[in-house]
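Quick caveat, the model's predicted, so the values are computed rather than measured.
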Amino acid sequence: MAKATQPKKPVAKAKAAPKPAPAAPVAVATPAAPYPYPFFGEGLAQYFEWADLHVWFATAPNAAGKKAITATMPKPLAKSVEWDGQEMNCGNGDQQINRAIREAYPPIGKDRWANDRQLTDFEADIRRWLAEIHVKYPIVFVARREDHEAGGTKLGEWHHWSMLQLKAHLDRVDAAPPKVLGLRAYALAVPLQLAQDRAPALLPPRYVKWLQDWYARRSKE
């Protein structure tokens, strides 16, 4: 009598290696969107004592990413760099921004104020740096306040296009904690300040109230 054959045990399949998390998509300029992200306050800026720039990334960079981002930063912005999650604020960190710009883009000249050529070179350097880091560390928006004490900013086409994208920024403000503080609050506030000063019709009243509440909170920080 033939022996009954035992059923073969199924061979367990090897588990597939987990797929790496997808990288954040990099926005690029197209005919429909001529700029890769909003740059609120873009243009030829004048400076009195201070310069600062807010850069909001799609994700918070790790330590190596932060080092890479700051490695090629324009020198006048490299003296003071602070991070708050995905938001970076950089600037001169003292009251000598004109000297920093003059030294970074020689010939220095004898005037204590940076001249138009030096300011133009500084602006081009900022654009160069932003374009470089955006390739690997996607930027959501950039914001720079106007220095009214120095005469403000001759706002450029990139800024004007950015103001047309303000609705997306207002959504970002709405998504933030109601009493947000620190650098993230400052970065969120700058485009609202620019809209209030330059294009008030674009800023709904509740965001004017948001600014007023932020000013009050900031005075207590």
Side-chain angles (χ1 to χ4, degrees), residues 19-30 32-43 52-66 68-70 77 80-91 126 129-131 133-146 153 155-156 158-221:
K19 293 182 180 179
V26 177
V28 295
T30 67
Y35 302 99
Y37 47 81
F39 185 165
F40 300 100
E42 172 272 337
D52 62 281
L53 192 72
H54 296 275
V55 184
W56 190 291
F57 293 92
T59 58
N62 58 20
K66 291 177 181 179
I69 288 167
T70 57
L77 296 178
S80 175
V81 179
E82 298 179 279
W83 292 88
D84 186 353
Q86 67 203 98
E87 202 279 327
M88 180 190 69
N89 175 255
C90 54
I126 291 172
W129 170 63
L130 292 173
I133 62 176
H134 180 60
V135 173
K136 192 169 182 180
Y137 305 98
I139 295 170
V140 176
F141 75 92
V142 177
R144 177 176 56 193
R145 66 180 181 86
E146 284 195 89
T153 301
L155 297 169
W158 194 349
H159 165 80
H160 295 304
W161 174 85
S162 300
M163 293 307 294
L164 299 178
Q165 322 308 314
L166 188 62
K167 175 60 171 61
H169 187 74
L170 299 182
D171 291 343
R172 193 173 299 113
V173 172
D174 290 339
K179 295 183 179 181
V180 61
L181 291 170
L183 294 178
R184 293 173 68 84
Y186 200 170
L188 292 171
V190 171
L192 306 186
Q193 292 172 322
L194 286 162
Q196 186 177 35
D197 290 345
R198 295 293 199 127
L202 295 178
L203 194 66
R206 67 191 185 94
Y207 296 99
V208 175
K209 177 66 165 53
W210 188 98
L211 276 175
Q212 293 169 345
D213 291 344
W214 173 65
Y215 293 143
R217 294 196 304 275
R218 190 180 174 208
S219 66
K220 299 175 182 177
E221 286 188 78

* For the residue pair Pro34 and Trp161, establish whether any side-chain heavy-atom pair is separated by less than 4.5 Å. => yes
* **Leu194 side chain reached by His159 side chain, heavy atoms, under 4.5 Å** => yes
* Looking only at atom types and distance, does a side-chain atom of Gln165 sit under 3.5 Å from a main-chain N or O of Pro38, one as donor and one as acceptor? -> no
* Asked: Is the distance between the ring centroids of Tyr37 and His134 under 6.0 Å?
  -> yes
* **All side chain to side chain donor-acceptor pair (under 3.5 Å) counterparts of Gln193, not counting sequence neighbours** => Tyr215
* Asked: Just wondering, do Val173 and Trp210 contact through their side chains at under 4.5 Å, heavy atoms?
  -> yes
* **salt bridge (Lys or Arg N to Asp or Glu O under 4.0 Å) partners of Asp84, counting only residues at least two apart** => none
* **Beyond-backbone contact of Leu53 with Arg144, side-chain heavy atoms, under 4.5 angstrom** => yes
* Structure fact -> Contacts of Val208 meeting side-chain contact (heavy atoms from CB on, under 4.5 Å) (sequence neighbours excluded), chain-then-number -> Gln196, Leu203, Gln212
* To do: Scan residues 186-207 for pairs that pass salt bridge (Lys or Arg N to Asp or Glu O under 4.0 Å), counting only residues two or more places apart or in two chains.
  => Glu146-Arg198, Asp174-Arg206
* Can you name the ring pair (Phe, Tyr, Trp, His ring centres under 6.0 Å) partners of Trp56, sequence neighbours left out? -> Phe141
* Locate the shortest heavy-atom distance separating Trp158 from Pro36; write the atom from each residue and the value. => CZ2-CD, 4.2 Å
* Nearest non-hydrogen partners of Gly41 and Thr153, listed with the distance -> O-CG2, 3.8 Å
* To do: Side-chain contact test, heavy atoms from C-beta onward, threshold under 4.5 Å: evaluate it for Tyr207 versus Leu202 and give yes or no.
  => no
* To do: Could you list the residues that satisfy salt bridge (Lys or Arg N to Asp or Glu O under 4.0 Å) with Lys167, not counting sequence neighbours?
  => Asp171
* Set of salt bridge (Lys or Arg N to Asp or Glu O under 4.0 Å) partners for Arg184, sequence neighbours left out -> none
* Report the residues that fulfil ring pair (Phe, Tyr, Trp, His ring centres under 6.0 Å) with His54, sequence neighbours left out, ordered by chain and then residue number. => Tyr186
* **Nearest atoms (heavy-atom pairs only) where Leu77 meets Cys90** => O-CB, 3.4 Å
* Distance-minimising heavy-atom pair for Phe40 and Leu166 -> CE2-CD1, 4.3 Å
* Of all the heavy-atom pairs spanning Ala187 and Ala143, show the shortest one and how long it is. => O-CB, 4.3 Å
* Contact summary for Met163 and Ala195, nearest pair of heavy atoms -> CE-CB, 3.4 Å
* To do: Could you check if a side-chain atom of Leu188 sits within less than 4.5 angstrom of a side-chain atom of Trp214, using non-hydrogen atoms only?
  => no
* Residues in side chain to side chain donor-acceptor pair (under 3.5 Å) contact with Arg172, at least two apart in sequence or another chain -> His169
* Asked: When rounded to the nearest 0.5 angstrom, what is the spacing between CG in Leu183 and CG in Asn89?
  -> 5.5 Å
* Asked: Can you tell me how far CG of Asp52 sits from CD of Glu82, rounded to the nearest 0.5 angstrom?
  -> 10.0 Å
* Please examine the side chains of Tyr35 and Phe39, heavy atoms only from C-beta on, and report whether any two atoms are closer than 4.5 Å. => no
* Output the distance between atom CD1 (Ile139) and atom CE (Met88), rounded to the nearest 0.5 Å. => 8.0 Å
* Please list, chain by chain and in numerical order, all residues satisfying side chain to side chain donor-acceptor pair (under 3.5 Å) with Lys209, sequence neighbours excluded. => Asp213
* To do: Applying side-chain contact (heavy atoms from CB on, under 4.5 Å), name anything that partners Ala68, two or more places apart in sequence or on another chain.
  => Tyr137
